[in-house]
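Notes for the one structure printed next.
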Amino acid sequence: MKTLPILFCAGLILAGCVAAAQNPRPNPPANVPAAVAGQPQSYEIHVKSESSNLAPERPRFVILPSAGPGLQKDYRFKDIAALVETELGKKGYMPIRQGEPTNLAVFLSYDADLTETLAPGLRSSDIENMMSYLRISAFKVSREKGTPEVGDAVWTVSSMYLSKDAPDLSKMFPFFVSAAKEYIGLTSGEFFTVEIDAADPSHILNIKITE
(Lines give C-alpha, C1' and ligand atoms only; values in the text may rest on other atoms or scores of the structure.)
Protein backbone atom coordinates (compact mmCIF):
# COMPACT_ATOMS: atom_id res chain seq x y z
CA MET A 1 0.00 0.00 0.00
CA LYS A 2 1.24 3.51 -0.70
CA THR A 3 2.41 5.61 2.20
CA LEU A 4 0.05 8.45 1.44
CA PRO A 5 -2.66 8.70 -1.23
CA ILE A 6 -1.01 11.90 -2.51
CA LEU A 7 1.38 9.54 -4.28
CA PHE A 8 -1.44 7.35 -5.56
CA CYS A 9 -1.16 6.41 -9.25
CA ALA A 10 -0.55 3.00 -10.75
CA GLY A 11 -0.76 1.31 -7.36
CA LEU A 12 -4.53 1.56 -7.11
CA ILE A 13 -4.87 -2.16 -6.69
CA LEU A 14 -2.39 -3.60 -4.23
CA ALA A 15 -1.93 -6.88 -2.45
CA GLY A 16 -3.71 -7.04 0.93
CA CYS A 17 -1.57 -6.04 3.89
CA VAL A 18 -3.41 -8.47 6.12
CA ALA A 19 -4.41 -12.01 5.15
CA ALA A 20 -8.05 -12.54 4.42
CA ALA A 21 -8.16 -15.12 7.18
CA GLN A 22 -7.59 -12.36 9.70
CA ASN A 23 -10.36 -10.26 8.22
CA PRO A 24 -13.42 -12.32 7.28
CA ARG A 25 -14.88 -11.74 3.85
CA PRO A 26 -17.77 -9.29 4.15
CA ASN A 27 -21.20 -10.76 3.64
CA PRO A 28 -23.64 -9.26 1.12
CA PRO A 29 -26.13 -6.82 2.68
CA ALA A 30 -29.35 -8.36 3.96
CA ASN A 31 -32.34 -8.61 1.64
CA VAL A 32 -30.28 -8.36 -1.55
CA PRO A 33 -32.36 -9.88 -4.37
CA ALA A 34 -30.71 -12.07 -6.99
CA ALA A 35 -30.47 -10.69 -10.49
CA VAL A 36 -33.37 -11.86 -12.64
CA ALA A 37 -34.16 -11.94 -16.33
CA GLY A 38 -35.53 -8.67 -17.65
CA GLN A 39 -33.87 -6.64 -14.88
CA PRO A 40 -33.37 -2.92 -15.53
CA GLN A 41 -30.10 -1.59 -16.86
CA SER A 42 -27.42 -1.91 -14.20
CA TYR A 43 -23.83 -1.02 -13.37
CA GLU A 44 -21.29 -3.63 -12.33
CA ILE A 45 -18.92 -2.02 -9.83
CA HIS A 46 -15.76 -3.95 -8.90
CA VAL A 47 -14.76 -3.52 -5.26
CA LYS A 48 -11.66 -4.44 -3.30
CA SER A 49 -10.82 -3.49 0.28
CA GLU A 50 -8.00 -3.87 2.78
CA SER A 51 -7.79 -3.24 6.52
CA SER A 52 -5.11 -3.40 9.18
CA ASN A 53 -7.67 -3.42 12.04
CA LEU A 54 -5.81 -0.46 13.56
CA ALA A 55 -8.49 2.19 13.20
CA PRO A 56 -9.20 4.34 16.30
CA GLU A 57 -11.93 2.97 18.59
CA ARG A 58 -13.92 6.20 18.34
CA PRO A 59 -13.02 7.58 14.93
CA ARG A 60 -13.44 11.33 14.51
CA PHE A 61 -12.72 11.99 10.88
CA VAL A 62 -12.12 14.72 8.36
CA ILE A 63 -12.38 14.13 4.60
CA LEU A 64 -9.58 15.47 2.40
CA PRO A 65 -8.66 15.29 -1.28
CA SER A 66 -5.64 13.14 -2.06
CA ALA A 67 -4.50 15.48 -4.83
CA GLY A 68 -4.07 18.52 -2.59
CA PRO A 69 -6.20 21.34 -1.11
CA GLY A 70 -7.05 22.74 -4.54
CA LEU A 71 -9.34 19.80 -5.22
CA GLN A 72 -11.61 20.90 -2.38
CA LYS A 73 -12.87 23.65 -4.69
CA ASP A 74 -13.94 21.05 -7.25
CA TYR A 75 -17.73 20.68 -7.09
CA ARG A 76 -17.28 16.94 -7.63
CA PHE A 77 -15.17 16.64 -4.49
CA LYS A 78 -17.86 18.29 -2.40
CA ASP A 79 -20.48 15.91 -3.80
CA ILE A 80 -18.51 12.74 -3.17
CA ALA A 81 -17.29 13.92 0.24
CA ALA A 82 -20.92 14.40 1.31
CA LEU A 83 -21.82 10.87 0.19
CA VAL A 84 -18.83 9.31 1.97
CA GLU A 85 -19.48 11.30 5.13
CA THR A 86 -23.05 10.00 5.27
CA GLU A 87 -21.98 6.36 4.98
CA LEU A 88 -19.19 6.72 7.55
CA GLY A 89 -21.68 8.32 9.91
CA LYS A 90 -23.90 5.24 9.62
CA LYS A 91 -20.94 3.13 10.80
CA GLY A 92 -20.38 5.22 13.92
CA TYR A 93 -17.71 7.53 12.55
CA MET A 94 -18.06 11.11 13.76
CA PRO A 95 -17.36 13.92 11.28
CA ILE A 96 -15.50 16.94 12.60
CA ARG A 97 -15.14 20.45 11.29
CA GLN A 98 -12.04 22.53 10.70
CA GLY A 99 -10.26 23.36 13.94
CA GLU A 100 -11.75 20.45 15.91
CA PRO A 101 -9.51 17.56 17.07
CA THR A 102 -9.52 14.52 14.79
CA ASN A 103 -7.90 11.08 14.91
CA LEU A 104 -8.62 9.91 11.35
CA ALA A 105 -7.99 11.52 7.96
CA VAL A 106 -10.03 10.06 5.11
CA PHE A 107 -8.56 10.77 1.67
CA LEU A 108 -10.52 10.55 -1.58
CA SER A 109 -9.05 9.77 -5.01
CA TYR A 110 -11.09 9.57 -8.21
CA ASP A 111 -10.38 9.63 -11.92
CA ALA A 112 -10.83 7.76 -15.20
CA ASP A 113 -8.11 6.31 -17.40
CA LEU A 114 -7.08 3.23 -19.35
CA THR A 115 -7.45 0.02 -17.36
CA GLU A 116 -3.88 -0.97 -18.24
CA THR A 117 -2.66 2.15 -16.45
CA LEU A 118 -4.83 2.04 -13.36
CA ALA A 119 -5.74 -1.59 -12.84
CA PRO A 120 -3.23 -4.04 -14.27
CA GLY A 121 -4.67 -6.83 -12.11
CA LEU A 122 -8.25 -6.45 -13.31
CA ARG A 123 -9.06 -8.10 -16.63
CA SER A 124 -11.04 -6.21 -19.24
CA SER A 125 -12.15 -6.85 -22.81
CA ASP A 126 -11.24 -4.80 -25.85
CA ILE A 127 -14.62 -3.10 -25.54
CA GLU A 128 -14.31 -2.26 -21.84
CA ASN A 129 -10.94 -0.55 -21.86
CA MET A 130 -11.61 2.48 -19.68
CA MET A 131 -11.83 2.47 -15.92
CA SER A 132 -13.30 5.09 -13.63
CA TYR A 133 -12.76 4.72 -9.91
CA LEU A 134 -13.16 6.04 -6.40
CA ARG A 135 -10.62 5.16 -3.73
CA ILE A 136 -11.25 5.91 -0.05
CA SER A 137 -8.24 5.62 2.28
CA ALA A 138 -8.15 6.27 6.03
CA PHE A 139 -5.00 7.26 7.93
CA LYS A 140 -4.50 7.81 11.63
CA VAL A 141 -3.80 11.38 12.64
CA SER A 142 -0.87 12.05 14.95
CA ARG A 143 -2.10 13.31 18.31
CA GLU A 144 1.00 15.44 18.79
CA LYS A 145 1.29 16.93 15.29
CA GLY A 146 -2.33 16.86 14.23
CA THR A 147 -1.34 15.56 10.78
CA PRO A 148 -1.83 12.16 9.07
CA GLU A 149 0.78 9.62 10.15
CA VAL A 150 3.25 8.49 7.50
CA GLY A 151 2.76 4.79 6.86
CA ASP A 152 0.14 2.37 5.65
CA ALA A 153 -3.53 3.28 5.64
CA VAL A 154 -5.59 1.71 8.44
CA TRP A 155 -8.13 0.79 5.79
CA THR A 156 -8.82 1.44 2.14
CA VAL A 157 -11.61 0.53 -0.26
CA SER A 158 -11.66 0.98 -4.04
CA SER A 159 -14.67 1.00 -6.38
CA MET A 160 -14.04 0.59 -10.11
CA TYR A 161 -16.21 0.63 -13.22
CA LEU A 162 -15.10 -0.68 -16.62
CA SER A 163 -16.60 0.86 -19.76
CA LYS A 164 -15.90 1.64 -23.40
CA ASP A 165 -15.67 5.38 -22.71
CA ALA A 166 -14.97 7.34 -19.56
CA PRO A 167 -18.35 8.02 -17.88
CA ASP A 168 -19.42 11.16 -16.06
CA LEU A 169 -17.75 10.74 -12.67
CA SER A 170 -20.38 12.84 -10.93
CA LYS A 171 -23.02 10.39 -12.12
CA MET A 172 -20.99 7.39 -10.94
CA PHE A 173 -20.19 8.62 -7.42
CA PRO A 174 -23.43 7.38 -5.78
CA PHE A 175 -22.87 3.93 -7.31
CA PHE A 176 -19.23 3.84 -6.19
CA VAL A 177 -20.18 4.66 -2.60
CA SER A 178 -23.13 2.26 -2.57
CA ALA A 179 -20.89 -0.58 -3.74
CA ALA A 180 -18.12 0.24 -1.25
CA LYS A 181 -20.10 0.92 1.92
CA GLU A 182 -20.30 -2.70 3.14
CA TYR A 183 -16.53 -3.15 2.75
CA ILE A 184 -15.33 -0.13 4.73
CA GLY A 185 -12.91 -1.26 7.44
CA LEU A 186 -12.79 -4.85 6.15
CA THR A 187 -10.49 -6.92 3.95
CA SER A 188 -12.32 -8.40 0.98
CA GLY A 189 -9.39 -10.66 0.03
CA GLU A 190 -10.32 -10.44 -3.65
CA PHE A 191 -12.39 -8.43 -6.08
CA PHE A 192 -16.15 -8.46 -5.70
CA THR A 193 -18.59 -7.36 -8.38
CA VAL A 194 -21.55 -5.42 -7.02
CA GLU A 195 -24.38 -5.07 -9.51
CA ILE A 196 -26.52 -1.99 -8.92
CA ASP A 197 -29.75 -0.81 -10.51
CA ALA A 198 -28.86 2.10 -12.81
CA ALA A 199 -32.07 3.86 -11.80
CA ASP A 200 -31.42 3.60 -8.05
CA PRO A 201 -27.89 3.57 -6.53
CA SER A 202 -29.26 2.13 -3.28
CA HIS A 203 -30.78 -0.90 -5.06
CA ILE A 204 -28.15 -3.65 -5.07
CA LEU A 205 -29.18 -6.46 -7.40
CA ASN A 206 -26.39 -8.98 -6.88
CA ILE A 207 -22.94 -9.49 -5.35
CA LYS A 208 -20.46 -12.06 -6.59
CA ILE A 209 -16.74 -12.77 -6.67
CA THR A 210 -15.27 -11.11 -9.76
CA GLU A 211 -14.42 -13.72 -12.37
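Small disclaimer: the values here were computed from a predicted structure and weren't measured. Numbering starts at 1 and runs along the sequence shown.
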Margin query: Return the CZ to CG distance between F107 and L64, rounded to the nearest 0.5 Å.
Written below: 5.0 Å

Item checked: Non-hydrogen atoms of P59 and E57 that approach each other most closely -> CD-O, 3.3 Å

Note to self: Determine whether a donor-acceptor pair (N or O, by modelled atom type, separation under 3.5 Å) exists between the side chain of Y110 and the backbone of F77.
What the structure shows: yes

Checklist line | Reported CD1-to-OG distance for the pair I196 and S42, which is rounded to 0.5 angstrom | finding: 9.0 Å

Item checked: Sidechain-backbone polar pair: S178 side chain, P201 backbone, donor-acceptor under 3.5 Å -> yes

Checklist line | Nearest-0.5 Å distance that lies between atom CG in L186 and atom CD in E50 | finding: 12.0 Å

Next item on the list: Write down the atom of S132, the atom of L169, and the distance for their closest heavy-atom approach.
Entry: CB-CD2, 3.7 Å

Next item on the list: Would you check, one step at a time, whether the test side-chain contact (heavy atoms from CB on, under 4.5 Å) holds for V141 with V62?
Entry: CA-CA 10 Å; V141 172; V62 60; 5.6 Å; no

Check: To the nearest 0.5 Å, how far apart are CD in E190 and OG in S49?
Finding: 10.5 Å

Checklist line | Partner set under side chain to side chain donor-acceptor pair (under 3.5 Å) for D79, not counting sequence neighbours | finding: none

Next item on the list: Output the distance between atom CG (L83) and atom NZ (K181), rounded to the nearest 0.5 Å.
Entry: 11.0 Å

Next item on the list: Could you tell me whether the side chains of E44 and T193 share a donor-acceptor contact shorter than 3.5 Å?
Entry: no

Note to self: Main chain of L108, side chain of S66: is a donor-acceptor contact present, judged purely on distance under 3.5 Å?
What the structure shows: yes

Notebook entry, point to check: Is there a side-chain contact (heavy atoms from CB on, under 4.5 Å) between K48 and T210 once you walk through the steps?
Noted result: CA-CA 10 Å; K48 189 174 184 181; T210 303; over 6 Å; no

Notebook entry, point to check: OG/S109 to CG/L134 distance, rounded to the nearest 0.5 angstrom?
Noted result: 8.0 Å

Notebook entry, point to check: R60 side chain to P101 main-chain N or O, any donor-acceptor pair under 3.5 Å?
Noted result: yes

Notebook entry, point to check: Does a side chain donor of either T187 or S51 reach within less than 3.5 Å of an acceptor in the other side chain?
Noted result: no

Notebook entry, point to check: Who are the side chain to side chain contact (heavy atoms under 4.5 Å, CB included) partners of E85, not counting sequence neighbours?
Noted result: F61, I63, P95, R97

Note to self: For Y183 and F192, I'd like to know if the aromatic rings sit close, meaning centre-to-centre distance below 6.0 Å.
What the structure shows: yes

Check: At their closest point, which heavy atom of F175 faces which heavy atom of D200, and how far apart are they?
Finding: CE2-C, 4.4 Å

Next item on the list: Would you please name every residue forming a side chain to side chain donor-acceptor pair (under 3.5 Å) with K171, sequence neighbours left out?
Entry: Y43

